[in-house]
Amino acid sequence: MIAGIDFAAPSHEVAPQLIGTVLLVNGVGGRIVETEAYDREDPASHSFTGPSQRNRAMFGAPGHAYVYLSHGIHWCLNFVCREEGHGAGVLIRAIEPLAGLETMQARRGTLDARQLCSGPGKLGQALAIVHAYNGCALDAPPFALAARVEPVALVAGPRIGISKAVEVPWRFGLAGSRFLSRPFR
DNA sequence: CTTAGGATCGCCT
DNA sequence: GGCGATCCTAAGC
(Lines give C-alpha, C1' and ligand atoms only; values in the text may rest on other atoms or scores of the structure.)
Protein backbone atom coordinates (compact mmCIF):
# COMPACT_ATOMS: atom_id res chain seq x y z
CA MET A 1 0.00 0.00 0.00
CA ILE A 2 1.32 3.39 -1.04
CA ALA A 3 -0.77 6.50 -0.35
CA GLY A 4 -3.63 4.17 0.59
CA ILE A 5 -3.59 2.45 -2.80
CA ASP A 6 -3.07 -1.26 -3.44
CA PHE A 7 -0.99 -1.31 -6.61
CA ALA A 8 -1.45 -5.07 -6.90
CA ALA A 9 -5.02 -4.35 -8.04
CA PRO A 10 -5.97 -4.16 -11.74
CA SER A 11 -4.79 -0.99 -13.46
CA HIS A 12 -8.32 0.13 -14.33
CA GLU A 13 -9.09 0.11 -10.60
CA VAL A 14 -5.88 1.82 -9.55
CA ALA A 15 -6.12 4.56 -12.20
CA PRO A 16 -9.27 6.23 -10.78
CA GLN A 17 -7.95 5.88 -7.22
CA LEU A 18 -4.89 7.90 -8.20
CA ILE A 19 -7.00 10.92 -9.11
CA GLY A 20 -6.58 13.44 -6.30
CA THR A 21 -3.37 11.99 -4.88
CA VAL A 22 -0.35 14.28 -4.72
CA LEU A 23 2.77 13.27 -6.62
CA LEU A 24 6.11 14.92 -5.99
CA VAL A 25 9.34 14.19 -7.82
CA ASN A 26 12.28 15.65 -5.93
CA GLY A 27 9.79 17.92 -4.20
CA VAL A 28 8.21 19.20 -7.42
CA GLY A 29 4.70 18.27 -8.56
CA GLY A 30 1.08 18.47 -7.53
CA ARG A 31 -2.29 16.78 -7.63
CA ILE A 32 -2.87 14.04 -10.21
CA VAL A 33 -5.95 14.98 -12.25
CA GLU A 34 -5.76 12.59 -15.22
CA THR A 35 -4.67 8.96 -15.67
CA GLU A 36 -5.04 6.09 -18.12
CA ALA A 37 -4.99 2.34 -17.43
CA TYR A 38 -3.17 -0.22 -19.57
CA ASP A 39 -3.20 -3.99 -19.13
CA ARG A 40 -1.49 -7.09 -20.44
CA GLU A 41 -4.58 -8.23 -22.37
CA ASP A 42 -4.92 -4.79 -23.91
CA PRO A 43 -3.90 -4.22 -27.55
CA ALA A 44 -3.11 -0.56 -26.78
CA SER A 45 -0.65 -1.46 -24.02
CA HIS A 46 3.11 -1.57 -24.38
CA SER A 47 2.95 -4.87 -22.47
CA PHE A 48 0.54 -6.51 -24.94
CA THR A 49 3.25 -8.30 -26.90
CA GLY A 50 5.05 -9.52 -23.80
CA PRO A 51 8.20 -8.49 -21.96
CA SER A 52 10.84 -6.57 -23.90
CA GLN A 53 13.77 -4.33 -23.18
CA ARG A 54 11.63 -1.19 -23.15
CA ASN A 55 8.68 -2.45 -21.10
CA ARG A 56 10.44 -4.74 -18.62
CA ALA A 57 9.56 -2.43 -15.69
CA MET A 58 5.87 -3.07 -16.43
CA PHE A 59 6.52 -6.72 -15.60
CA GLY A 60 8.36 -5.82 -12.40
CA ALA A 61 7.03 -5.17 -8.92
CA PRO A 62 3.84 -3.10 -8.51
CA GLY A 63 4.16 0.34 -6.97
CA HIS A 64 7.20 1.13 -9.08
CA ALA A 65 7.72 3.48 -12.02
CA TYR A 66 7.73 2.58 -15.70
CA VAL A 67 9.36 5.35 -17.75
CA TYR A 68 9.45 5.31 -21.53
CA LEU A 69 10.46 7.63 -24.35
CA SER A 70 7.59 8.73 -26.57
CA HIS A 71 8.23 9.75 -30.17
CA GLY A 72 11.92 10.05 -29.47
CA ILE A 73 11.27 13.23 -27.50
CA HIS A 74 9.07 12.91 -24.41
CA TRP A 75 9.73 10.93 -21.25
CA CYS A 76 6.44 9.62 -19.86
CA LEU A 77 5.67 8.24 -16.40
CA ASN A 78 3.60 5.17 -15.47
CA PHE A 79 2.88 3.39 -12.20
CA VAL A 80 3.19 -0.40 -12.39
CA CYS A 81 0.16 -2.42 -11.24
CA ARG A 82 -0.83 -6.04 -10.62
CA GLU A 83 1.44 -8.76 -9.34
CA GLU A 84 5.02 -9.01 -10.48
CA GLY A 85 5.23 -10.48 -13.97
CA HIS A 86 1.75 -9.40 -15.08
CA GLY A 87 2.53 -6.33 -17.16
CA ALA A 88 0.04 -3.58 -16.30
CA GLY A 89 0.37 0.08 -15.52
CA VAL A 90 -1.22 3.49 -15.19
CA LEU A 91 -0.04 6.39 -17.34
CA ILE A 92 0.05 9.69 -15.45
CA ARG A 93 -1.36 12.17 -17.97
CA ALA A 94 -1.91 15.44 -16.11
CA ILE A 95 -1.16 17.13 -12.80
CA GLU A 96 -2.45 20.28 -11.14
CA PRO A 97 0.77 22.13 -10.27
CA LEU A 98 1.15 22.78 -6.54
CA ALA A 99 4.80 22.51 -5.47
CA GLY A 100 7.88 23.93 -7.18
CA LEU A 101 5.91 26.14 -9.54
CA GLU A 102 8.91 28.26 -10.53
CA THR A 103 11.00 25.19 -11.22
CA MET A 104 8.32 23.78 -13.50
CA GLN A 105 7.90 27.12 -15.26
CA ALA A 106 11.61 27.24 -15.98
CA ARG A 107 11.72 23.66 -17.25
CA ARG A 108 8.70 24.18 -19.48
CA GLY A 109 9.58 27.65 -20.66
CA THR A 110 6.19 29.13 -19.84
CA LEU A 111 4.51 30.85 -16.93
CA ASP A 112 1.07 29.47 -17.80
CA ALA A 113 0.18 27.02 -15.02
CA ARG A 114 -2.20 25.20 -17.33
CA GLN A 115 0.62 24.45 -19.76
CA LEU A 116 2.99 22.93 -17.22
CA CYS A 117 1.67 19.41 -16.66
CA SER A 118 -1.37 19.05 -18.96
CA GLY A 119 -0.17 15.99 -20.87
CA PRO A 120 2.16 13.04 -20.31
CA GLY A 121 5.05 14.62 -22.21
CA LYS A 122 4.63 18.05 -20.63
CA LEU A 123 4.42 16.47 -17.20
CA GLY A 124 7.59 14.52 -17.87
CA GLN A 125 9.42 17.71 -18.73
CA ALA A 126 7.99 19.72 -15.82
CA LEU A 127 8.89 17.03 -13.28
CA ALA A 128 12.23 16.27 -15.00
CA ILE A 129 11.38 12.61 -15.49
CA VAL A 130 14.41 10.73 -16.81
CA HIS A 131 15.03 7.14 -17.84
CA ALA A 132 17.06 6.59 -14.67
CA TYR A 133 13.76 6.64 -12.75
CA ASN A 134 12.57 3.55 -14.62
CA GLY A 135 11.91 0.84 -12.04
CA CYS A 136 12.20 3.14 -9.01
CA ALA A 137 9.83 2.59 -6.09
CA LEU A 138 7.10 5.18 -5.68
CA ASP A 139 7.48 5.41 -1.88
CA ALA A 140 11.13 6.46 -1.94
CA PRO A 141 13.13 9.35 -3.44
CA PRO A 142 12.92 10.83 -5.96
CA PHE A 143 9.23 9.97 -5.69
CA ALA A 144 6.70 10.83 -3.01
CA LEU A 145 3.02 9.96 -3.30
CA ALA A 146 0.49 11.28 -0.78
CA ALA A 147 -3.06 10.06 -0.29
CA ARG A 148 -5.90 12.39 -1.24
CA VAL A 149 -7.47 14.23 1.63
CA GLU A 150 -10.93 14.81 0.19
CA PRO A 151 -13.31 12.72 -1.90
CA VAL A 152 -13.13 13.56 -5.60
CA ALA A 153 -15.67 13.62 -8.42
CA LEU A 154 -14.45 11.34 -11.20
CA VAL A 155 -15.06 11.31 -14.92
CA ALA A 156 -14.09 8.56 -17.36
CA GLY A 157 -13.81 8.15 -21.11
CA PRO A 158 -11.82 6.62 -23.95
CA ARG A 159 -8.05 6.90 -23.92
CA ILE A 160 -6.19 9.47 -25.98
CA GLY A 161 -3.68 9.10 -28.78
CA ILE A 162 -3.99 5.36 -29.36
CA SER A 163 -5.02 3.42 -32.46
CA LYS A 164 -6.11 0.10 -30.89
CA ALA A 165 -8.86 -0.58 -28.33
CA VAL A 166 -10.03 2.96 -28.95
CA GLU A 167 -13.38 2.40 -27.22
CA VAL A 168 -12.12 1.11 -23.87
CA PRO A 169 -13.09 3.76 -21.26
CA TRP A 170 -9.91 3.61 -19.21
CA ARG A 171 -9.11 7.32 -19.11
CA PHE A 172 -9.97 8.90 -15.76
CA GLY A 173 -10.04 12.50 -14.66
CA LEU A 174 -10.94 14.93 -11.92
CA ALA A 175 -14.33 16.35 -12.88
CA GLY A 176 -14.16 19.99 -13.88
CA SER A 177 -10.39 20.32 -13.55
CA ARG A 178 -8.76 23.09 -15.59
CA PHE A 179 -5.52 21.14 -15.77
CA LEU A 180 -6.53 18.20 -17.98
CA SER A 181 -4.67 17.45 -21.20
CA ARG A 182 -8.04 17.60 -22.96
CA PRO A 183 -11.62 17.93 -21.72
CA PHE A 184 -13.85 14.87 -21.22
CA ARG A 185 -17.05 14.76 -23.24
C1' DC B 1 -11.37 26.55 -32.66
C1' DT B 2 -9.76 22.61 -35.80
C1' DT B 3 -6.41 20.39 -38.56
C1' DA B 4 -2.02 19.14 -40.59
C1' DG B 5 2.78 18.35 -40.54
C1' DG B 6 7.38 18.04 -38.58
C1' DA B 7 10.61 16.83 -34.86
C1' DT B 8 13.27 12.69 -33.37
C1' DC B 9 14.89 7.94 -31.81
C1' DG B 10 14.56 3.50 -29.42
C1' DC B 11 12.26 -0.64 -30.09
C1' DC B 12 10.10 -4.27 -32.59
C1' DT B 13 8.98 -6.73 -37.11
C1' DG C 1 12.45 0.09 -42.08
C1' DG C 2 8.26 1.58 -39.79
C1' DC C 3 6.00 3.35 -36.14
C1' DG C 4 4.42 5.43 -31.94
C1' DA C 5 0.33 5.86 -24.66
C1' DT C 6 3.25 13.49 -27.84
C1' DC C 7 3.87 18.36 -28.48
C1' DC C 8 4.30 22.61 -30.94
C1' DT C 9 3.50 25.73 -34.61
C1' DA C 10 1.26 27.46 -38.55
C1' DA C 11 -2.49 27.83 -41.45
C1' DG C 12 -7.43 27.40 -42.51
C1' DC C 13 -12.58 28.27 -41.21
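Order of the sequence lines fixes the chain letters, A, B, ..., with proteins taken first and strands second; residue numbering starts at 1 for each chain. Side chains are part of it too, since the values below use all heavy atoms of this structure and drop only hydrogens, waters and symmetry mates.
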Name the one of A:L91, A:D42, A:V166 that satisfies side chain to side chain contact (heavy atoms under 4.5 Å, CB included) with A:R159? A:D42

The nucleotide from B:dA7, B:dC11, C:dA5 with an atom nearest the side chain of A:S45 is C:dA5

Rounded to whole Å, CG of A:N134 lies from P of B:dC11 at a distance of 10 Å

Ring-base stacking, A:Y38 with C:dA5 (5.5 Å, 30° cut-offs): yes

Would you kindly give the CD-to-P distance between A:Q125 and B:dT8, to the nearest whole Å? 14 Å

What is the nucleic acid contact for A:N78, judged by heavy atoms within less than 4.0 Å: base, sugar-phosphate only, or nothing? base

Cluster overlap A:I92 with A:V67, hydrophobic side-chain contacts below 4.5 Å: yes

Whom does C:dA5 pair with, Watson-Crick or G-U wobble, provided both distances fall under 3.5 Å? none

In whole angstrom, what separates A:I73's CD1 from B:dG5's P? 17 Å

By nearest atom, which of the nucleotides C:dC7, B:dC11, C:dG4 is closest to the A:K122 side chain? C:dC7

In whole angstrom, what separates A:L91's CG from C:dC7's C1'? 14 Å

Please give, in whole Å, the distance from B:dT3 P to A:R182 CZ? 9 Å

Presence of A:R108 side-chain N/O under 4.0 Å of C:dC8 phosphate oxygens OP1/OP2: yes

Here the distance between atom P of C:dT6 and atom CD1 of A:I160, to the nearest Å, is 8 Å

Between A:E36 and A:R93, does any side-chain N to carboxylate O distance fall below 4.0 Å? yes

I'd like to know if A:D6 pairs up with A:R82 as an ion pair, taking the criterion as any Lys NZ or Arg NE/NH1/NH2 lying under 4.0 Å from an Asp or Glu carboxylate oxygen. no

Considering heavy-atom distances to DNA chain C, does A:G119 or A:S163 have its closest nucleotide positioned more toward the 5' end? A:S163

Kindly point out which of B:dC9, C:dC7, C:dA5 is positioned nearest to the side chain of A:L69? B:dC9

Return the 5'-most residue of the pair A:S70, A:H131 with respect to DNA chain B, ranking by each residue's nearest nucleotide. A:S70

Taking atom P of B:dG10 as reference, at what distance in whole Å does atom OH of A:Y66 sit? 14 Å

Give the ring-plane orientation class for A:W170 versus A:H12, where under 30° counts as parallel, over 60° as perpendicular and anything between as tilted. parallel

Report which part of the nucleic acid A:R159 touches: base, sugar-phosphate, or nothing (heavy-atom distance under 4.0 Å, all strands). nothing

Could you state the CD-P distance from A:Q53 to B:dT13, rounded to the nearest angstrom? 13 Å

Under 3.5 Å on both distances, the Watson-Crick or G-U partner of B:dT8: none

Look at all strands and tell whether A:G121 reaches a base, only sugar-phosphate, or nothing, counting heavy atoms closer than 4.0 Å. sugar-phosphate

So what does A:E36 hit on the nucleic acid, given a heavy-atom distance under 4.0 Å: a base, only sugar-phosphate, or nothing? nothing

With a 4.0 Å cut-off on heavy atoms, is A:I162 in touch with a base, just the backbone sugar-phosphate, or nothing at all? sugar-phosphate

Cationic tip of A:R56 above A:Y66 ring, under 6.0 Å, 45° of axis: no

By nearest atom, which of the nucleotides C:dG4, C:dC7, B:dC11 is closest to the A:H71 side chain? C:dG4

